[in-house]
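Per chain, numbering begins at 1; letters A, B, ... match sequence-line order.
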Amino acid sequence: MATVKDFRNDVRPNWCPGCGDFAVQASIQRALAAMGKEPHEVAVISGIGCSGRISGYINTYGFHGVHGRALPAAQGVKLANRNLTVIAAGGDGDGFGIGLNHFMHAVRRNMDITYIVMDNQIYGLTKGQHSPTSAKGFTAKTTPEGNIENALVPSQIALAAGIGFLAQGFSSDVNQLVSLIQQAIEYRGFALINVFSPCVTYNKINTYDFFREHITNLDQVEGYDPTDRAQAMKTVIETNGLCTGLIYRDDSRVPYEDQIPGFQQTPIYQADLRLDPAVFDTFVKEFA
Amino acid sequence: MATVKDFRNDVRPNWCPGCGDFAVQASIQRALAAMGKEPHEVAVISGIGCSGRISGYINTYGFHGVHGRALPAAQGVKLANRNLTVIAAGGDGDGFGIGLNHFMHAVRRNMDITYIVMDNQIYGLTKGQHSPTSAKGFTAKTTPEGNIENALVPSQIALAAGIGFLAQGFSSDVNQLVSLIQQAIEYRGFALINVFSPCVTYNKINTYDFFREHITNLDQVEGYDPTDRAQAMKTVIETNGLCTGLIYRDDSRVPYEDQIPGFQQTPIYQADLRLDPAVFDTFVKEFA
Amino acid sequence: MLEQLSWKVGGQQGEGVESTGETFAVALNRQGYYVYSFRHFSSRIKGGHSNDKVRVSLKQYRAITDHTDVLLAFDQESIDLNVKEVREGGIVIADEKFNPKAPDHVRLFVVPLTKIAEECGSAIMKNMVSLGASACVLGLPISIFAEVVEERFRRKGQKIVDQNMLAIQRGFEYVKELGGALPEFALKPADGTRRLFMMGNDAIALGAVAAGARVMPAYPITPASDVMESLIRKFPKVGGVVVQTEDEIAAINMAIGAAYGGARAMTATSGPGLSLMMEAIGLAGMTETPVVIVDTQRGGPSTGLPTKQEQSDLFAALFGTHGEIPKIVLNPATTEECFYIMGDAFNLAEKYQCPVIVMTDLQLSLSKQTTDPLDLGRVEIDRGYLASESDLVPTPQTEEFKRYKVTETGISPRVFPGTKGGIHKVTGVEHLESGRPNETSPNRKVQMEKRMRKLRGVELPGSVVRTGDADAEVVIVGLGSNIGAIAEAVERLRADGLKVGHAHVHAILPFPKGQLEAAIDGAKKVVVVENNATGQLRHLMAHFGVQHDGIDSLLKYDGQPFLPSEIYQHVKGMF
Amino acid sequence: MLEQLSWKVGGQQGEGVESTGETFAVALNRQGYYVYSFRHFSSRIKGGHSNDKVRVSLKQYRAITDHTDVLLAFDQESIDLNVKEVREGGIVIADEKFNPKAPDHVRLFVVPLTKIAEECGSAIMKNMVSLGASACVLGLPISIFAEVVEERFRRKGQKIVDQNMLAIQRGFEYVKELGGALPEFALKPADGTRRLFMMGNDAIALGAVAAGARVMPAYPITPASDVMESLIRKFPKVGGVVVQTEDEIAAINMAIGAAYGGARAMTATSGPGLSLMMEAIGLAGMTETPVVIVDTQRGGPSTGLPTKQEQSDLFAALFGTHGEIPKIVLNPATTEECFYIMGDAFNLAEKYQCPVIVMTDLQLSLSKQTTDPLDLGRVEIDRGYLASESDLVPTPQTEEFKRYKVTETGISPRVFPGTKGGIHKVTGVEHLESGRPNETSPNRKVQMEKRMRKLRGVELPGSVVRTGDADAEVVIVGLGSNIGAIAEAVERLRADGLKVGHAHVHAILPFPKGQLEAAIDGAKKVVVVENNATGQLRHLMAHFGVQHDGIDSLLKYDGQPFLPSEIYQHVKGMF
Ligand SMILES: Cc1ncc(C[n+]2csc(CCOP(=O)(O)OP(=O)(O)O)c2C)c(N)n1
Ligand SMILES: Cc1ncc(C[n+]2csc(CCOP(=O)(O)OP(=O)(O)O)c2C)c(N)n1
Ligand code: SF4
Ligand code: SF4
Ligand SMILES: [Mg+2]
Ligand SMILES: [Mg+2]
């Protein structure tokens, strides 16, 4: 059986020392090993950004597409091979800036994919512009006098879009993150884990300390029931999204792939592509 | 002073007889007249779809851009001329399909624009494909065996994105719609009016009767307080978005244009574009 | 007796113009005639003039004519707009209801279409009445409609079927009484051969399923939507899936993901969508992912003329993405070719591991036409260079599979996620053989050259098909659906004793320089016939070094397809 | 004594390489030297080798050299990667900390950079120590750094300023004691003329404000982001606004909206963003909306080489959108031109009412270089054909203003929303003079021809600048930042007695066919020098009918700019 080591390769991540993304990488690796996955059974599909490089740092299949389009690509991979464990990953700019529309619709579509966002409230790779999750007043290269846009709260948006599995993690709490990733992968449907993953180079506001101070860990909230959507919504409004743990989970959903008319259990990539002449004849008859 | 007639032109809309969009057109015209606007003080910026043709049918400035991009264009117009009454308009596919990301970010940005969506739960102009607001199970050209995606509920999304003015109308209730449009235009900030505007040709499910039966009119709900965000959220969840009237309004917001550092009251399009040599010298000094 | 007939039905969009034309066309196709139809419609759902022109002949033509023999008018506007093209002594059949007026050069039959229909059961059957009226004029028995009517209304019960047939009969009889059974309009009988009747989009969808396409994410757009809508109905039978995505960017990226995942994946769109796909097309090129994009061209630029004919996306298809990638662009010209080309497209995409764009134009995509039997046996599936067991890396994998191995041909082995020993990386960033990002200069050169080598010097066989006189003085170069109008013009010119050749281009990338040079070799003059304003194909010839002193353009960019006579006249003037 | 110097500093990204280079360069620029710098960096934030090469001379050069005279190394990797290019007898200054090794052909000065810095107050001042060491070798007084250090650290207090100056001094002295004050490395003194020092992106931003740009929606991307970031700081002083949009599609559509609204509006991006903007560029063309798009080219395709030099978006810029629109593409070559061209870009956009793309390349956008004084007085603002009072329609308006009036030039009057009597419609659908959608063939032809007429036959003056020998045997054609390397090669070739000319292209659309033909007329051979793999400019010449028998390409696509010597050698070999 594969161990954590099998999910490592010899690439040295080009992240800055201290970057929150290291913990995300390690958590994915640990979760996969803990679940007994084999490296070749997993594909990590990522966007562009510092965070987007993650698909190169985990010893599984990896696809590093264009900026903002990790989710469409990941959904395509899932359709071609429904047996594969598909993890989409990227940054807050990638996922909630340029890519937000794909997120909203991926939620509606509900394929069995796990989406991990490394939310550092900044554009890291392009050197420190504000992101959609940057707070009002936040100063960055593109907001020298303070951000005048309101921040987007991913957890609120995700719930409103009708998500079936919603969790948040924090790079400082790897154990929680590993557990959330495992649950998300096990969940049959679209799952978002939004991870507070500090950018130590460009974001001097949303630091590790900031999150330590401001986050409510739902694991420690007595009686929190993640199957109650109204309570979940209330929580992400009251905490302004600053909470970690499993926020919401609905096990009654049926994933998209199980609802496609005539879709087979054999993954498409293994199916015989030749068309049965009898079926072809029925198709052609329409035009005879 | 301009009357409703002044907001009409001699173009015969190419909508099907009975299309809900006629009522939306008439309501905009009535609202503008009622507010004492002059035709040249208004610009209607629309997307592509049956609904998108609306900018051609109202005697004001009109801009009919590309599919899904009415809001970016409208925001550009507003920046160039902050004195203009800017109305963005389009369909559910235009605004919540291809254009949803722009909507989410326009909400965050909060410019003083009124956005009117003619939500018919279908792609009309392309002849009847399902739209993001089509219900689960809905049959359309592209869902012959029933829609397997969950519907997006615009009111829930808008609230989650942090909107400051949210209303919904129905093509059968022109008086309410006129009043909502007036309020939205008067509101200083980004306002959405999502209008249930039946497509009589392709949508045989979400008909006038359907809405008459299923809509809760908040104007008739005793004690409904549109300034209470939590209640608003509860309402759009409980009604599954099927409510009309003013859902939410927050008058404490400051529009984007009022927060831009150094932005002038004189609209840019009227400002002198020549650069003061003294200012130029300070700019150049940085490189000396 | 007529060897061929041009028949047209006109009315308000949404009042049954299309179904009238379709019923007429299908019925005649089933008699063994060759039928070619072209719809004039606009970007709205109901209202506005619309018409459907159907050409019927004993020989195959793939173009409409400039004249009309018989015009069926549901309103006065249809007469006003179309009567000019009705030939001297031609027929106009019009509904009594609107008190029709027609100029003297035509013979007007006023028939109470609506009234008869109402008598038969419902006003909407006026189109059936008009079909009966047409049949009478053309000397056709109304029995030719029986099968089509039966198929169309079966679901609604025998009573409706009978009412419709009655309406046809009554229309027939009414015109007969008016003296409308005109021997000079009688159609020569056809041989009864049953052929197919479909539009290019139908053939593309059929070709795609036959070629093994199983994932098709797409976003609706005219005139591409039928491809998606047709696949939605077929895929459940073969385990495939269509996803109506949120936009075209999602569609192409999802298709790329699916292709990377091992499916044969495609999307279909028109100009605006193609423009939106440009970034991802570059990704497919860089990651060497085979993906097929159908671009059904329509009038541009921007939203342009969404329901009109144009061939103006050539440049965009060839040059639209930033940076440089290998790419293939195919240009089918007929419905049959639409079918077979999908197999080629997927095979080429997987052979060369690059995006393939299949370009049609609105006329080809939407014109329903008689189509030869489609032979599934001719469709081969060749998935290109897939890694064999022995190519795979021993597990546990400590190094990546060399997905971008530098080879002489530039083509590297593929392996799909899920395969043991095949783990590798894929990225749109410049990369090593393993797919790991790498920006060093030497590696960049090697990988760039590897990619570009795949298609260097390649000309796809059959990219140019040369017909007509071998020793032609004038060679007409064309592409796409113009094939029919050009072929017909060439036929007439040669009948005039002129030496004319026709070089039809079926693939523009890799550009068939050698084949085109051979095709125009020796000609005094060359004329490139295109539905666009700037002469894109002609410029491409220059771009890729095809030189000729006497080269000229014949362009049409008013939204209409070429008429054979326009080409005939132009070329005639060149002699 | 040296007339010119090539100096380089290398180390890990994020450890002050850039600021060391910048401090050195600015200090020398202020002495009156011409300075040209080029950064080697990669697409990551911290770590990975990075270097900054600075060329200092008494005469202006706009290219880096192949050799290095003095190399300053913060780690062994910097020596290993760069020492090959250090000339025989050249200098390497390295930190004692990593126990540096260097080959015999260079003179190695091991200086305890970090240790001295720590002694002065902090290890991060090692770059200051290294600057002092450099000054000693080059015979420069350390006082030349005083001003820059003062400006840079003023905010942090006098103590920090003093510590930094001390570090410089200590570095100077240490090397002096090692015997490093080498007369043969002494730089000839400059005349003290104070010029500007900036990169192309700075000049673009300055040019934009000067030209009246007031709305700039954009999305961050390397190497374009500086334009936005620079305007964000400038606009508050002139009432303009930068919006960081959600993506590039929003950026361009917002810019189009603002331009329609009457602002001078622009955006800036690089390849991937340009690809995403294709659909909206078509909208601007169809609606005749003036908008300026800056494309700072980088290595493609796809994400490609985001921090490397390339010129591979030419095709995309010219041909990327579906359908056919008039468009202008400008190609500045120097920082000064980047400044002035923004005025031209807006004037042309408003004169011809079409999108204008200003293309730079990474080398031009990011290389800081000595720049002549920029003359605001030379920047004119001409907003083109705006409707006058009398053109407006009497109110209440019962008919639309003819925004798309058919005129001889094809240019129609503009009016901005908010204007009484100017109400009209704008649409990406084909339209009438009033802007109302209309799909009829005759109108389509008229409007299409009107639009295309605007630029038909136009060649922008100065599109090609021809220098060198009038009777050149070989003419080198280039564009963008290659100007410096080509000019230098030409200088050397002519010094060898060869007849060589240089035709530099400053605008590729409308394509300057006539100017290019004139520029290469009479030459036996033509070589087109481009930073791409397919020879895009060369193909454009063929595309637009510039013919020449002896035309050839010199291509470089490894992510690096051309060196003068590469061009020199190649062209020398052509004789
Ligand atoms: C189409 C496109 N636009 C812009 C870019 C430039 N770009 C690269 S990464 C990035 C944003 C990075 O922010 P985020 O997604 O939050 O990732 P992080 O670096 O913070 O992990 C941008 C704008 C690009 N690569 N492609
Ligand atoms: C980029 C692009 N993709 C697709 C289309 C085709 N198209 C035109 S309108 C439309 C959707 C119409 O639906 P909606 O926005 O709901 O408007 P409605 O017609 O229902 O009012 C589509 C897909 C287009 N014009 N441009
Ligand atoms: S810049 Fe920020 S996000 Fe990027 S690697 Fe460094 S710390 Fe991480
Ligand atoms: S198709 Fe539907 S949305 Fe379009 S005009 Fe007709 S009724 Fe209205
Ligand atoms: Mg980020
Ligand atoms: Mg709709």
- Message: Would you say NZ of C:Lys97 has more than 12 non-hydrogen atoms from neighbouring residues, nucleotides or ligands within 6.0 angstrom?
- Response: no
- Message: Counting only heavy atoms from other residues, nucleotides and ligands, does the tally under 6.0 Å from CD1 of C:Ile124 exceed 12?
- Response: no
- Query: Which class fits the ring pair B:Phe96 and B:Tyr115: parallel under 30°, tilted 30 to 60°, perpendicular over 60°?
  - Reply: perpendicular
- Task: Name the region of B:Leu125, side chain, backbone, both or neither, that has any atom closer than 4.5 Å to a heavy atom of chain C.
- Result: both
- Message: For a ring pair (Phe, Tyr, Trp, His ring centres under 6.0 Å) check, start with the C-alpha distance between B:Phe22 and B:Tyr57, then their side-chain angles and the critical distance, and finish with the verdict.
- Response: CA-CA 10 Å; B:Phe22 284 103; B:Tyr57 304 152; 8.2 Å; no
- Query: Does a side-chain N-to-carboxylate-O contact under 4.0 Å join C:Arg39 and C:Glu18?
  - Reply: yes
- So which part of B:Cys50 gets closer than 4.5 Å to some heavy atom of chain C, the side chain, the backbone, both or neither? side chain
- Message: With a 3.5 Å distance limit and no angle check, can you tell me whether C:Thr245 reaches the backbone of C:Asp247 through a side-chain donor-acceptor pair?
- Response: yes
- Task: Would you mind checking which part of B:His130 comes under 4.5 Å of any heavy atom in chain C, side chain (CB onward), backbone (N, CA, C, O), both or neither?
- Result: both
- Message: Quick check for you: among C:Arg44, C:Arg233, C:Lys46, which has the greatest number of heavy-atom pairs under 4.5 Å with chain B?
- Response: C:Arg44
- Considering only heavy atoms and a distance below 4.5 Å, find which of B:Thr143, B:Val66, B:Thr142, B:Ile148 pairs most often with chain C. B:Thr142
- Which region of B:Arg12, side chain (C-beta onward) or backbone (N, CA, C, O), has a non-hydrogen atom less than 4.5 Å from a non-hydrogen atom of chain C, or is it both or neither? neither
- Item | Interface moiety of C:Ile221 toward chain B, non-hydrogen atoms closer than 4.5 Å | backbone
- Turns out that what part of C:Pro236 lies under 4.5 Å from chain B's heavy atoms comes down to side chain
